[in-house]
2 protein chains.
Amino acid sequence: MKKSSRLSLALHALVHLHAQPDKVLTSQALASCLMTNAVVVRRALGELREAGLVVASKGPNGGWALARPAEEITLHQVYAAMDERLLLRTESDPGDKACAIVRSVDRVMSEFLDDAEALLAARLTRIRLADIAKDAMGAGFPRLG
Amino acid sequence: MKKSSRLSLALHALVHLHAQPDKVLTSQALASCLMTNAVVVRRALGELREAGLVVASKGPNGGWALARPAEEITLHQVYAAMDERLLLRTESDPGDKACAIVRSVDRVMSEFLDDAEALLAARLTRIRLADIAKDAMGAGFPRLG
DNA sequence: TTTCATGTAACTATTATTGTTACATATAGA
DNA sequence: TCTATATGTAACAATAATAGTTACATGAAA
């Protein structure tokens, strides 16, 4: 993993968990699939756990599993849980805010971005984890890395 | 300038140019206003020049000026000129794309983001540079840094 | 032809993100 | 209860992206 992001990493992990509903997968197993480190997986899934999307169990035979069916998990829930912003925030340095123009640029952009954020949120709510999984399964699954 | 972005930097500069329509402002003068370096200003405004939004003149009394009134410059034009993305792209590492799930996540997200991008573009087209400038002037202009 | 501006390449510094190591905590099973 | 195995998390290192700097070429006005 290099240019990826926490959001797509989380989605990738969630699809893997959905693909093997009878198993719990360890961070290490998922890390191999996602070509990254087990701690990175824990960090990402930890946020999803706090949001109640996945459950973690410790000890032998422990690992991760979906907390509910993929049909009941929306991308918006994942997005909100990761506390990641799809829209880049163009906040200025506090020092620059002495300038009225900077404040106006920030204000107009914030207004626009808040508005846009709401639009995106509504659309993300309509996409479910199951939709991504279906897409992946229908693709001929040549290598579920 | 620290946490800023090229887009808000460009907007800030454009409002300054609009605020003094009779003058051409040098990169150095703008850099002082924007609390950054003259080369950074040139880099940002250079992109706007290529897009035909501003004009630059060399030599004594040279500098930058708007190519047309602020009423005829939309945020979308600025946004497109800077080649900056408001939506973060969640592209995966080429190596990871051997995995069908990664490709599906990327595909679903791309679809969503392309769609969202079009929405944002439409909205950015409706905001003009003059709108930001009006906001700044109406704010009591205590310090045009 | 001198002066002052942009244009740009090359390099450094800073920041954010990701990856790694190490260790504490908890749980299943012998 | 002891051991093996998993998560949870802090602290640190490595990497990549961004901003800032220096240096110098180019072009235009007086």
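Naming: A, B, ... by sequence-line order, numbering from 1 per chain. What you see below is based on every heavy atom in this structure, not just the backbone, and it leaves out hydrogens, waters and symmetry mates.
Nearest nucleotide to the side chain of B/Trp64, out of D/dG20, C/dG7, C/dT27: C/dG7. For B/Val40, counting side-chain heavy atoms from C-beta on, the closest listed nucleotide (D/dT21, C/dG7, D/dT7) is D/dT21. Nearest nucleotide to the B/Asn37 side chain, out of D/dA29, C/dG7, D/dT22: D/dT22. In this structure, the nucleotide among D/dA19, C/dA9, D/dA28 sitting nearest to the side chain of B/Arg6 is D/dA19. Of all nucleotides listed (C/dT27, D/dA29, D/dG27), D/dA29 comes nearest to the side chain of B/Asn61. In this structure, the nucleotide among C/dA28, D/dT7, D/dG20 sitting nearest to the side chain of A/Lys58 is D/dT7.
Side-chain nitrogen and oxygen atoms of A/Arg42 include at least one within less than 4.0 Å of the OP1 or OP2 phosphate oxygen of D/dT7. At the phosphate of D/dT7, neither OP1 nor OP2 sits under 4.0 Å from any side-chain N or O atom of A/Ser57. Distances shorter than 4.0 Å separate none of the side-chain N or O atoms of A/Thr26 from OP1 or OP2 on D/dA6.
Counting to the nearest Å, the P atom of D/dT21 and the CE atom of B/Met35 are 12 Å from each other. When rounded to the nearest whole Å, the span between CG of A/Leu17 and C1' of D/dT7 equals 14 Å. Following rounding to the nearest Å, A/Asp83 (CG) and C/dA16 (C1') show an atom-to-atom distance of 15 Å. Rounded to whole Å, the distance from CG on A/Leu30 to P on D/dG8 is 13 Å. At whole-Å resolution of the value, CE in B/Met82 and P in D/dT18 are 12 Å apart. Taking atom CD on A/Gln28 and atom P on D/dA6, their separation rounds to 9 Å, with Å as the unit. Distance, B/Glu47 CD to C/dT6 P: 16 Å, rounded to whole Å. For A/Leu25 and D/dT5, the CG to P distance is 18 Å, given to the nearest whole Å.
A donor-acceptor contact under 3.5 Å links the side chain of B/Arg43 to the base of D/dG20.
With B/Asp131 contributing its side chain and B/Arg128 its backbone, the two residues share a donor-acceptor pair below 3.5 Å. Looking at B/Gln77, its side chain does come within 3.5 Å of a backbone N or O of B/Thr74 through a donor-acceptor pair.
Other residues, nucleotides and ligands contribute at most 12 non-hydrogen atoms within 6.0 Å of the CG atom of B/Asn61.
Salt-bridge check for A/Arg103 with A/Asp106: failed, with every basic side-chain N at 4.0 Å or more from each acidic carboxylate O.
The hydrophobic clustering, which links ILVMFWY residues whose side-chain heavy atoms are closer than 4.5 Å, places A/Ile101 and B/Val24 apart.
Each of A/Arg49 and B/Gly59 was matched to the nucleotide of DNA chain D holding its nearest heavy atom; the match closer to the 5' end belongs to A/Arg49.
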